[in-house]
Amino acid sequence: MIEHGELSDLDAADRAMARQLAAGDPSALRAAFDRYGGLVHAIALRRLGVPQDAEDVTQQVFVRAWRGRTGLDPERGALGAWLVGITRRQVADRLALRRRDLELADRVGRLSFRPPPAPAPDSVVEALAVADELNHLPDQVGTVMRLAFFDDL
């Protein structure tokens, strides 16, 4: 059981670690990971249910903490609470990404992929006959007719 004096020592150590982190001390990031990494991972795993996703979110939380360390104010709140806030945002982002992926997969699944219909034999014969006749026309007239017949211009 933690005594009251030990708790205030932990709070003081936590504030000191937060100040070092905010000042850009990489060892403070490592110390924060050692102290809060398990908590961050547990929250992510509970919400996401996939160990790989929880590991990714845990890593992202500490990367974001390092990048956003200038926004950390140890006097406004505890380091652990700040990290839990980052964790919640990262979990929400991961869940939103999952939802977008599922919606996209659902839309793709509803598309019907059918090859275009093969041209009817009569239309192929007709196109060959027209092409042969176009070859007998003068160049400019043949070009205009080809554009009209084959290119729908």
Side-chain angles (χ1 to χ4, degrees), residues 1-124 126-128 130-131 143-153:
M1 183 171 181
I2 297 177
E3 298 293 323
H4 179 68
E6 291 175 20
L7 187 58
S8 65
D9 289 344
L10 289 174
D11 289 342
D14 197 61
R15 282 193 301 276
M17 184 187 326
R19 281 191 296 276
Q20 289 173 320
L21 179 61
D25 182 353
S27 67
L29 179 65
R30 180 66 202 182
F33 180 82
D34 290 344
R35 183 161 184 191
Y36 294 106
L39 173 66
V40 167
H41 185 265
I43 293 169
L45 184 58
R46 190 173 324 123
R47 291 285 292 138
L48 298 170
V50 178
Q52 180 63 42
D53 286 351
E55 290 169 13
D56 290 347
V57 164
T58 301
Q59 182 179 8
Q60 290 169 358
V61 165
F62 286 94
V63 168
R64 296 237 188 256
W66 180 253
R67 289 182 179 158
R69 66 187 179 274
T70 57
L72 173 60
D73 183 359
E75 305 310 316
R76 283 189 19 192
L79 176 60
W82 185 68
L83 292 169
V84 167
I86 296 171
T87 303
R88 288 183 176 164
R89 284 189 296 279
Q90 289 300 305
V91 166
D93 289 349
R94 180 61 58 110
L95 291 172
L97 181 61
R98 278 186 188 173
R99 187 172 40 255
R100 283 191 302 270
D101 288 347
L102 288 173
E103 289 170 359
L104 179 61
D106 184 52
R107 278 186 271 154
V108 168
R110 285 183 281 168
L111 294 176
S112 61
F113 294 105
R114 284 176 276 166
D122 291 341
S123 66
V124 172
E126 184 178 293
L128 288 173
V130 169
T143 300
V144 170
M145 294 303 289
R146 278 185 194 82
L147 289 172
F149 186 78
F150 291 111
D151 297 332
D152 292 329
L153 297 177

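Because the structure is a prediction, the values reported are computed rather than measured. As a basis for the values below, the full set of heavy atoms in this structure was taken, side chains included, without hydrogen atoms, waters or symmetry mates.
Among residues at least two apart or in separate chains, side chain to side chain donor-acceptor pair (under 3.5 Å) pairs with a member in residues 99-108 are Asp106-Arg110. Listed by first and then second residue, the ring pair (Phe, Tyr, Trp, His ring centres under 6.0 Å) pairs that reach into residues 73-101 come to none, sequence neighbours excluded. Sequence neighbours left out, not one pair with a member in residues 59-68 passes salt bridge (charged side-chain N to carboxylate O under 4.0 Å, His left out). Judged as a ring pair (Phe, Tyr, Trp, His ring centres under 6.0 Å), the pairs with a partner in residues 14-68 (not counting sequence neighbours) are, in order, Phe33-Phe62. For residues 47-59, the pairs satisfying side chain to side chain donor-acceptor pair (under 3.5 Å) are Gln52-Asp56, Asp53-Arg94, Asp53-Arg98, with sequence neighbours left out.
Annotation: side-chain hydrogen bond (donor to acceptor under 3.5 Å, both in side chains) contacts of Thr70 (sequence neighbours excluded): none. Ala44 meets the side-chain contact (heavy atoms from CB on, under 4.5 Å) test with Leu48, Ala54, Val57, Val91; sequence neighbours excluded. The side-chain contact (heavy atoms from CB on, under 4.5 Å) test applied to Asp93 returns Gln90, not counting sequence neighbours. Scanning for side-chain hydrogen bond (donor to acceptor under 3.5 Å, both in side chains) contacts around Arg30 gives Asp34, with sequence neighbours left out. Partners of Asp73 by side-chain hydrogen bond (donor to acceptor under 3.5 Å, both in side chains), not counting sequence neighbours: none found. When the salt bridge (Lys or Arg N to Asp or Glu O under 4.0 Å) test is applied to Arg19, the partners found at least two apart in sequence or on another chain are Glu75.
Gly24 and Pro26 get closest at one heavy-atom pair: O-CD, 3.1 Å. In terms of heavy-atom proximity, Leu79 sits nearest to Asp14 at N-OD2, 3.2 Å.
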